Amino acid sequence: MNIQTCFCIHAGKSGVSRATIIAIVASVTASILLIFMGYYLRCRRERKKYGTIRENSADSDITTVESLQFDLGTIEAATNNFSNDNKLGEGGFGEVYKGIMSNGQAIAVKRLSRNSLQGAEEFKNEVLLVAKLQHRNLVRLLGFCLEGEEKILVYEFVPNKSLDYFLFDPEKRRQLNWPRRYKIIEEIARGILYLHEDSRLRIIHRDLKASNILLNEDMHPKVSDFGMAKIFGVDQTQGNTSRIVGTYRYISDLDTMHGQFSVKSDLYSFGVLLLEIICGKKNSSFYQTDGVEDLVSHIWKHWRNETPFEVVDSVLRDSYSRNEVLRCIQIGLLCVQEDPSDRPTMAKIVLLFSSYSVTLPVPQQPAFFLHSKSGQIMPGNGLDSEQSTNKSVSWSVDEGSITEVYPR
């Protein structure tokens, strides 16, 4: 018996009109329909909500890539069609130009060498990953341009050029007093620590040197060219096909001999850079008459002879903290030890700078680039001072040790 029949029987007994019964039945039916309709709409809204989240999650990287992409015409206009007057420098990965955007923003444009074998999509993915790395001591990647054979990276412009511009100039290095040098060393360490441990990626720089440390308007350092080996693709530079990137005399013999790169390779380069900052001398063009032919050997000799202050840059005179200088020399020598496992991590280095209560280990003999004049010449002798290792040697590298992607 249905609802309407029941109401009809009841109405016949109670005298309720047929119209009233129909109105009641219609109201109940409508209420049930509204309940089901509300439930359906709610479920649909929830599905749409979560579906949108998933879509946004999937499309967010694409949107970000599109927002990072510059038009080639815009880059050409900003750099006056890559004019030599706008050229800032040239390295293994390509030429760098200063550009001024239409809104007045200054940018640095790295025009990559055309020898890269990396595909367009892989290039975009690598740029996207590196662009997400942000730290006050890293040069910020603003975007890229990918048109025809052109692969261009757009960075923030850092006005005070690079550290080597000041450090190795007889007059300009006077602007780098000891407190400023000490601060630069500390901040470089923090930038590399971010790359090694604190970012969403794990990036090994592999070409850490003074020319890759840029200085902003307040002379704070910004590490540049991090992630370049991955962005460029297949670890090539200057049209050569060898797999190692890096600069001769800034990489230890043991690392290059086995073609194994790790965070400890960066520690070696950091140690050389630290010692250069203390001495105001360039390791790659160092020459002394004391029987050694590289800066690290020279400093090690004075450390062993208990005359470490003899290596301090003469322009500093006695205006430096002897305790800080001594500690920095010791940290530098710890970083350039021959066995990579003996070198500290960058986290330990940052701790050593921030806490004088931590006792420093005694450094072991460094990984010499060259033996003394009377000794055996190490492999690689005869390369130009700033020549990349890939000019004369071909080694293989475990790609997995260069950049690891995982959540932090």
Side-chain angles (χ1 to χ4, degrees), residues 60-163 165 191 194-195 199-201 203 205 207 211-217 220-233 236-238 245 403:
S60 62
D61 283 355
I62 296 173
T63 303
T64 306
V65 165
E66 291 173 348
S67 67
L68 291 174
Q69 192 152 4
F70 285 75
D71 178 75
L72 180 58
T74 301
I75 299 298
E76 289 175 335
T79 60
N80 193 20
N81 200 25
F82 302 106
S83 166
N84 281 332
D85 293 337
N86 289 47
K87 192 172 180 178
L88 297 174
E90 185 173 358
F93 291 108
E95 301 166 325
V96 184
Y97 299 84
K98 180 180 179 180
I100 302 293
M101 302 295 286
S102 58
N103 62 0
Q105 180 187 9
I107 57 173
V109 175
K110 184 179 284 285
R111 192 181 192 185
L112 297 185
S113 165
R114 296 185 180 183
N115 296 294
S116 171
L117 300 180
Q118 191 178 50
E121 290 306 312
E122 187 180 2
F123 176 82
K124 286 182 181 180
N125 290 336
E126 295 295 345
V127 169
L128 179 61
L129 291 173
V130 174
K132 289 179 179 179
L133 302 178
Q134 294 188 30
H135 188 274
R136 68 190 300 267
N137 297 122
L138 299 180
V139 173
R140 186 179 177 190
L141 179 63
L142 301 178
F144 69 98
C145 174
L146 188 61
E147 291 189 25
E149 294 184 352
E150 293 284 2
K151 288 182 180 178
I152 295 170
L153 299 172
V154 180
Y155 292 93
E156 66 170 316
F157 178 73
V158 184
N160 271 330
K161 299 189 177 180
S162 53
L163 178 59
Y165 177 76
Y194 176 82
L195 292 178
S199 70
R200 69 183 69 197
L201 308 176
I203 287 186
H205 190 289
D207 200 16
S211 60
N212 281 336
I213 306 298
L214 306 185
L215 300 173
N216 70 4
E217 61 276 6
H220 290 290
K222 287 179 174 282
V223 180
S224 68
D225 275 5
F226 55 90
M228 280 300 297
K230 293 294 287 180
I231 288 177
F232 193 80
Q236 287 185 287
T237 60
Q238 299 178 345
V245 294
T403 304

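Model, not experiment: these values are computed from the prediction. Counting begins at 1 with the first residue of the sequence.
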Q. Which atoms form the tightest heavy-atom contact between Val154 and Leu141, and what is the distance?
A. O-CD1, 3.4 Å
Q.
Has Tyr165 got a side-chain atom pairing as donor or acceptor with Ser211's backbone, closer than 3.5 angstrom?
A. no
Q | Heavy-atom closest pair, residues Phe226 and Val130 | A | CE1-CG1, 3.6 Å
Q | Asn216 side, atom CG; Arg136 side, atom CZ - distance, nearest 0.5 Å | A | 8.5 Å
Q.
Counting C-beta onward and ignoring hydrogens, is there a side-chain heavy-atom pair between Ile152 and Phe70 closer than 4.5 Å?
A. no
Q: Enter the distance from Tyr97:OH to Asn86:CG here, rounded to the nearest 0.5 Å.
A: 9.0 Å
Q: Mark yes or no for whether Thr79, through its side chain, and Ile75, through its backbone, hold a donor-acceptor pair below 3.5 Å.
A: yes
Q) Between the side chain of Asn125 and the main-chain N/O of Glu121, is any donor-acceptor distance below 3.5 Å? A) yes
Q) Under a 4.5 Å cut-off applied to non-hydrogen side-chain atoms, are Ile213 and Val223 in contact? A) yes
Q: State whether Tyr155 and Arg140 meet the cation-pi test: NZ (Lys) or CZ (Arg) under 6.0 Å from the six-membered ring centroid, and within 45° of the perpendicular axis.
A: no
Q | Separation of Thr74 OG1 from Gln69 CD (nearest 0.5 Å) | A | 11.0 Å
**Q.** Beyond-backbone contact of Lys222 with Asn137, side-chain heavy atoms, under 4.5 angstrom
**A.** no
Q: Heavy atoms only: give me the nearest Glu156-Ala108 pair and the separation to one decimal.
A: O-CB, 3.9 Å
Q.
How close do Ala78 and Met101 get, counting heavy atoms only, and between which atoms?
A. CB-SD, 4.1 Å
Q | Atom pair CD (Glu90) and CG (Leu88), whose distance is rounded to the nearest 0.5 Å | A | 12.0 Å
Q) Roughly how far, to the nearest 0.5 Å, is CG of Leu128 from CZ of Phe144? A) 8.5 Å
Q) Which atom names give the shortest non-hydrogen contact between Pro221 and Leu215, and what distance separates them? A) CA-CD2, 3.9 Å
Q) Any chance CG of Asn84 has more than 12 other-residue heavy atoms, nucleotides or ligands included, within less than 6.0 Å? A) no
Q. Is there a side-chain contact between Asp225 and Lys110 (heavy atoms, below 4.5 Å)?
A. yes
Q: Evaluate salt bridge (charged side-chain N to carboxylate O under 4.0 Å, His left out) for Lys87 paired with Glu95, printing each intermediate quantity in order.
A: CA-CA 7 Å; Lys87 192 172 180 178; Glu95 301 166 325; 3.2 Å; yes
Q. Hey, what's the ring geometry for His135 with Tyr194, parallel, tilted or perpendicular (30° and 60° as the breaks)?
A. tilted
Q) Would a 4.5 Å heavy-atom cut-off, applied to side chains only, mark Val139 and Val158 as touching? A) yes
Q | Validation row: Leu112, Leu153 side chains within 4.5 angstrom (heavy atoms) | A | yes
Q | Under 3.5 Å donor-acceptor, Ser162 side chain and Asn212 backbone | A | no
Q: Would you confirm whether Asn103, through its side chain, and Gln105, through its main-chain N or O, come within 3.5 Å as a donor-acceptor pair?
A: yes
(Q) To the nearest 0.5 Å, what is the distance between OG on Ser113 and NZ on Lys151? (A) 10.0 Å
